[in-house]
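Notes follow the structure.
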Number of protein chains: 2
Amino acid sequence: MEYTIGTQALSTRDIVYRSLKNQILLLELPPGTGISEKEISLKFSVSRTPVREAFVRLAQEGLLAVYPQRGTVVSLIDSELVEEARFMREHLERAVIRESCSAFQARNLIDLKANLDKQKLCIEDQDYKEMFMLDEEFHHVIFMGCNKKNTWEVIQQIKVHLNRSRMLKLTADHNWEHLYRQHYGLYEAIEQHNIQQGDQIMQEHMALTIADQEMLMEKYPQYYKQRSAD
Amino acid sequence: MEYTIGTQALSTRDIVYRSLKNQILLLELPPGTGISEKEISLKFSVSRTPVREAFVRLAQEGLLAVYPQRGTVVSLIDSELVEEARFMREHLERAVIRESCSAFQARNLIDLKANLDKQKLCIEDQDYKEMFMLDEEFHHVIFMGCNKKNTWEVIQQIKVHLNRSRMLKLTADHNWEHLYRQHYGLYEAIEQHNIQQGDQIMQEHMALTIADQEMLMEKYPQYYKQRSAD
DNA sequence: ACTACCATACTTGTATGGTAGTATGGTAGT
DNA sequence: ACTACCATACTACCATACAAGTATGGTAGT
């Protein structure tokens, strides 16, 4: 009874799901774009069944809006949802950093330091793409270090709704130096069990991710859901 | 261009999805139960297609575990996930009550008071089923009152993983009187903008929902995922 | 008695055809 | 010119058929 689950090949459904999700998050499929099962099935040279099942998953995540017998569109960005996603992320990340400052696995602390060193290199090399990934990984390691794997997964789900508006903002204007100093401060707080410092820095750190929603809504009104009667 | 979205009839897929989800959460389909698409499609007298799509959704929510070409089982309860669900819920509910204590919609404050009055009646009548629903609704109103509709939705998702172990505990041992006093305290805190009181009470309130996981794991080992090598 | 093998009956995954509801563009009538 | 109507071409939804992998039990061979 040997269960070898982790290594199964990707199904057609998963391939379609991942590809569409990527295209949506990268705005290659802009909000409001109409797509049909048939169109996608032709593009991937597969039948409509796995496409439909990918649609079901994407609809559940709020990335597609399916109107029976009428069509399917890439969902518009819901500014209210974006704001709440920011809210949820802030409070969960702060709760996790506080926990990390009181108890953290030694192994992950080493990873954290190694990550920081790589960040420093990236800034010198101005390798912002790699820096972006290290940023993600830094937060991930923090979650792993205080046994919050599932919480990390939930955050990833929530962040989906932040990603598209962040993509609109063109991430180029990040102040990577500032980001690094904050990361270092978080590392310090964990190492020295300074809960107050950790919480404080994380709060400031989260504030950085606030995109100027109203500005974006004016600039790209066709991408945003207009709150009419509610 | 009249969009009448809210009133569409339930699709076969949704009917199957809701029914299965209910049965799983009520433990009528206990963790570990094997179910097949064909079996369900026969039971509902529908084809496999909508059943499969319901399976996809339930699998994404972590309620089903699908093993390609081998079978599908109702997922075992993951005690680690349960603990993190409790963690996430606590910190989100506390963040929301703090926000509610600083700004709350007048209309929802009225609803909150009305809900409290109904709770009092239920306790007198010992109508615990209705009391259970009012408890849910009470928290829901709080979220609505500080514009956190989507956060409520996320909590509902998270709570799925708490529900089954709470169901095992047999909810009969709730101290409804205590619950009511806490709810009243929360209402007071919102009305009087007492952030500290709100946060304090909510923290205690959340502690109530902690089921004794280890006890449950010993009593129902077949329902729990055994953490082997990890 | 025990083991290796294989037929069979499952499982989920994928493809395809048909159905019902909806948007659209053209046409006939005013 | 404008409106009401209808044929047509879509859409997502559901049913069915086929494909491919897996568990199981029986059987033949040792």
Side-chain angles (χ1 to χ4, degrees), chain A residues 1-21 24 29 31-76 222, chain B residues 1-21 24 29-76:
Chain A
M1 194 127 81
E2 187 75 20
Y3 283 86
T4 55
I5 295 167
T7 52
Q8 49 189 308
L10 257 60
S11 64
T12 305
R13 172 177 64 207
D14 290 332
I15 293 171
V16 173
Y17 167 75
R18 291 194 186 193
S19 173
L20 287 179
K21 185 166 178 175
I24 292 172
L29 286 173
T33 306
I35 59 176
S36 73
E37 298 169 1
K38 186 159 194 176
E39 168 197 355
I40 302 299
S41 70
L42 288 176
K43 191 171 292 178
F44 283 86
S45 299
V46 296
S47 75
R48 303 196 315 273
T49 304
V51 173
R52 266 183 69 76
E53 292 171 358
F55 275 31
V56 168
R57 294 185 61 181
L58 292 168
Q60 185 158 359
E61 293 184 300
L63 292 176
L64 286 185
V66 178
Y67 304 108
Q69 272 72 44
R70 303 178 59 180
T72 300
V73 298
V74 177
S75 69
L76 296 174
Q222 74 276 22
Chain B
M1 193 126 84
E2 188 74 20
Y3 283 86
T4 54
I5 293 166
T7 52
Q8 48 190 305
L10 257 60
S11 64
T12 306
R13 173 176 64 209
D14 289 332
I15 293 172
V16 174
Y17 166 76
R18 291 193 186 193
S19 174
L20 287 179
K21 185 167 180 176
I24 292 172
L29 287 173
T33 307
I35 60 175
S36 74
E37 298 169 1
K38 185 156 193 176
E39 168 197 354
I40 303 298
S41 70
L42 288 176
K43 192 171 293 181
F44 283 86
S45 301
V46 297
S47 77
R48 274 182 52 215
T49 305
V51 174
R52 266 184 70 77
E53 293 170 358
F55 274 32
V56 168
R57 293 186 62 180
L58 292 168
Q60 185 158 2
E61 294 184 298
L63 292 177
L64 287 184
V66 177
Y67 305 107
Q69 272 70 44
R70 302 179 59 180
T72 300
V73 298
V74 177
S75 69
L76 296 174

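A, B, ... follow the sequence lines: proteins, then strands. Residue 1 opens every chain.
OP1 and OP2 of C:dT14 both lie 4.0 Å or more from every side-chain N or O belonging to A:Arg13. Residue B:Ser47 places at least one side-chain N or O closer than 4.0 Å to OP1 or OP2 of D:dA15.
At a cut-off of 3.5 angstrom, counting only N and O atoms as typed in the model, there is a donor on one side and an acceptor on the other between the side-chain of B:Thr49 and the base of D:dT16. Remark: the B:Gln69 side chain and the D:dT22 base include no donor-acceptor N/O pair separated by less than 3.5 Å.
With hydrogens and angles ignored, the 3.5 Å screen pairs a side-chain donor or acceptor of B:Thr33 with a backbone N or O of B:Pro30. Proximity of a side-chain donor or acceptor of A:Glu61 to a complementary backbone N or O of A:Leu58 within less than 3.5 Å is not detected.
Pairing each heavy atom of A:Val56 with each of B:Glu53, the nearest pair is CG1-O, 4.0 Å. Of all heavy-atom pairs spanning A:Val66 and A:Ala59, the tightest one is CG2-CB, 4.2 Å.
Among D:dT22, D:dC14, C:dG13, the nucleotide with an atom closest to any side-chain atom of B:Pro68 is C:dG13. Side-chain proximity of A:Arg48 to the nucleotides C:dT14, D:dT11, C:dG17 is greatest for C:dG17. Between D:dT11, D:dA15, C:dT12, one nucleotide has an atom nearer to the side chain of A:Ser36 than all others, and that is D:dT11.
The residue among B:Glu39 and A:Thr12 whose nearest nucleotide of DNA chain C lies closer to the 5′ end is B:Glu39.
Per the geometry, CD1 belonging to B:Ile40 stands 14 Å off C1' belonging to C:dT12, to the nearest Å. Between the CZ atom of B:Arg57 and the C1' atom of D:dC13 there is a distance of 15 Å, rounded to whole Å. Rounding to whole angstrom units, CD of residue A:Glu37 and P of C:dT14 are separated by 15 Å. Per the geometry, CZ belonging to A:Arg70 stands 12 Å off C1' belonging to D:dA12, to the nearest Å. For the pair A:Leu10 CG and C:dT14 P, the computed distance is 10 Å after rounding to whole Å. Whole-Å rounding puts the B:Tyr67 OH to D:dA23 C1' distance at 15 Å. Note: CG (A:Asp14) to C1' (C:dT12) measures 13 Å, nearest angstrom. Taking atom CZ of residue B:Arg52 and atom P of nucleotide D:dA17, one finds them 17 Å apart after rounding to whole Å.
Figure legend. C:dT14 is base-paired to D:dA17; pairs are counted as Watson-Crick or G-U wobble with both atom distances under 3.5 Å. With a cut-off of 3.5 Å on both pairing distances, the Watson-Crick or G-U wobble partner of C:dC2 is D:dG29.
Summarising the geometry, atom OH belonging to A:Tyr17 is positioned 11.5 Å from atom CG belonging to A:Leu10; distances are rounded to the nearest 0.5 Å.
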